[in-house]
Amino acid sequence: MAGGTKSPDYDIITGAFQVTKDASFDSFVTKLNSSGNALIYSTFIGGNDDETVHDIVMGASGEVYVTGFTSSTNYPTTTGAFKTTNMGYLD
């Protein structure tokens with residue numbers, strides 16, 4: 001599951017990509033076990049301003065793709081990303 005949260009104490013696992021919320025409203029990505037009672041992974045994803053996830057898809061090898069928006073000027077990107085800087089208010 002994925003979405004956005006204002007909660008600074010949303011359940012995040014040790015060693016997550018991002019363990020603290022950086023803005024008033026950050027994205028999260030969480031996967032539960034098949035019983036729905038334990039976290040497999042859970043992380044915030046965000047920068048110095050607000051963002052949220054609008055859609056999530058899992059690839060054949062288990063990779064996760066999310067879409068949404070960000071207002072952050074330092075949103076985390078990966079090497080080779082198509083666009084690595086915010087070009088306006090909502091990207």
Side-chain angles (χ1 to χ4, degrees):
M1 68 182 129
T5 184
K6 289 186 173 193
S7 176
D9 60 354
Y10 184 83
D11 287 331
I12 301 297
I13 64 166
T14 302
F17 172 76
Q18 184 178 331
V19 296
T20 59
K21 192 168 73 64
D22 288 342
S24 65
F25 201 83
D26 266 359
S27 297
F28 67 86
V29 176
T30 300
K31 183 176 181 180
L32 302 173
N33 67 4
S34 60
S35 299
N37 61 4
L39 297 174
I40 295 176
Y41 58 78
S42 187
T43 188
F44 290 116
I45 304 175
N48 60 352
D49 212 333
D50 295 342
E51 42 273 314
T52 194
V53 172
H54 287 275
D55 203 0
I56 184 171
V57 174
M58 182 170 282
S61 300
E63 65 277 10
V64 174
Y65 301 93
V66 294
T67 63
F69 74 83
T70 183
S71 300
S72 297
T73 56
N74 66 339
Y75 188 82
T77 61
T78 57
T79 302
F82 174 72
K83 191 168 91 173
T84 59
T85 58
N86 187 318
M87 301 301 290
Y89 177 64
L90 294 176
D91 278 11

Is the side chain of [X] donor-acceptor paired with the backbone N or O of [Y] at a distance under 3.5 Å, no angle test?
X: Thr43; Y: Gln18; result: yes
X: Asp50; Y: Phe25; result: yes
X: Thr70; Y: Ser72; result: yes
X: Ser42; Y: Thr30; result: no
X: Thr77; Y: Thr84; result: no

Evaluate Val19 against Ile12 for side chain to side chain contact (heavy atoms under 4.5 Å, CB included), listing each step before the verdict. CA-CA 6 Å; Val19 296; Ile12 301 297; 4.2 Å; yes

What is the distance from atom CZ of Phe28 to atom CG of Asp11, rounded to the nearest 0.5 Å?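 Interatomic distance, Phe28 CZ to Asp11 CG, rounded to 0.5 Å: 11.0 Å.
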
Spacing of CG belonging to Asp49 relative to CG belonging to Leu90, to within rounding of 0.5 Å: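 The CG atom of Leu90 is 9.0 Å from CG of Asp49, to the nearest 0.5 Å.
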
Is there a donor-acceptor contact under 3.5 Å linking the side chains of Asp9 and Ser7?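 Short answer, yes.
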
Could you verify whether a donor N or O on one side chain and an acceptor N or O on the other, from Asn86 and Ser71, lie under 3.5 Å apart?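 Asn86 vs Ser71: no donor-acceptor pair found between side chains.
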
Under a 4.5 Å side-chain heavy-atom rule over Ile, Leu, Val, Met, Phe, Trp and Tyr, are [X] and [Y] clustered together?
X: Val66; Y: Phe69; result: no
X: Met1; Y: Met58; result: yes
X: Ile40; Y: Val57; result: no

Ring pair (Phe, Tyr, Trp, His ring centres under 6.0 Å) partners of Phe44, counting only residues at least two apart: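 For Phe44 there are no ring pair (Phe, Tyr, Trp, His ring centres under 6.0 Å) partners, ignoring immediate neighbours.
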
Applying ring pair (Phe, Tyr, Trp, His ring centres under 6.0 Å), name anything that partners Tyr41, two or more places apart in sequence or on another chain.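 Expected list: none.
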
Least distance between heavy atoms, [X] atom then [Y] atom:
X: Gly47; Y: Ala23; result: O-CB, 3.7 Å
X: Val29; Y: Ile56; result: CG1-CD1, 4.2 Å
X: Ile45; Y: Glu51; result: O-CG, 3.7 Å

Thr67 versus Asp55: any side-chain heavy-atom pair under 4.5 Å?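 Answer yes - side chains close enough.
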
Within-4.5 Å side-chain heavy-atom neighbours: Leu39 and Leu32: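 Of all side-chain heavy-atom pairs linking Leu32 with Leu39, at least one is under 4.5 Å.
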
Could you walk me through whether Thr5 and Asp26 pass side-chain hydrogen bond (donor to acceptor under 3.5 Å, both in side chains), step by step? CA-CA 6 Å; Thr5 184; Asp26 266 359; over 6 Å; no

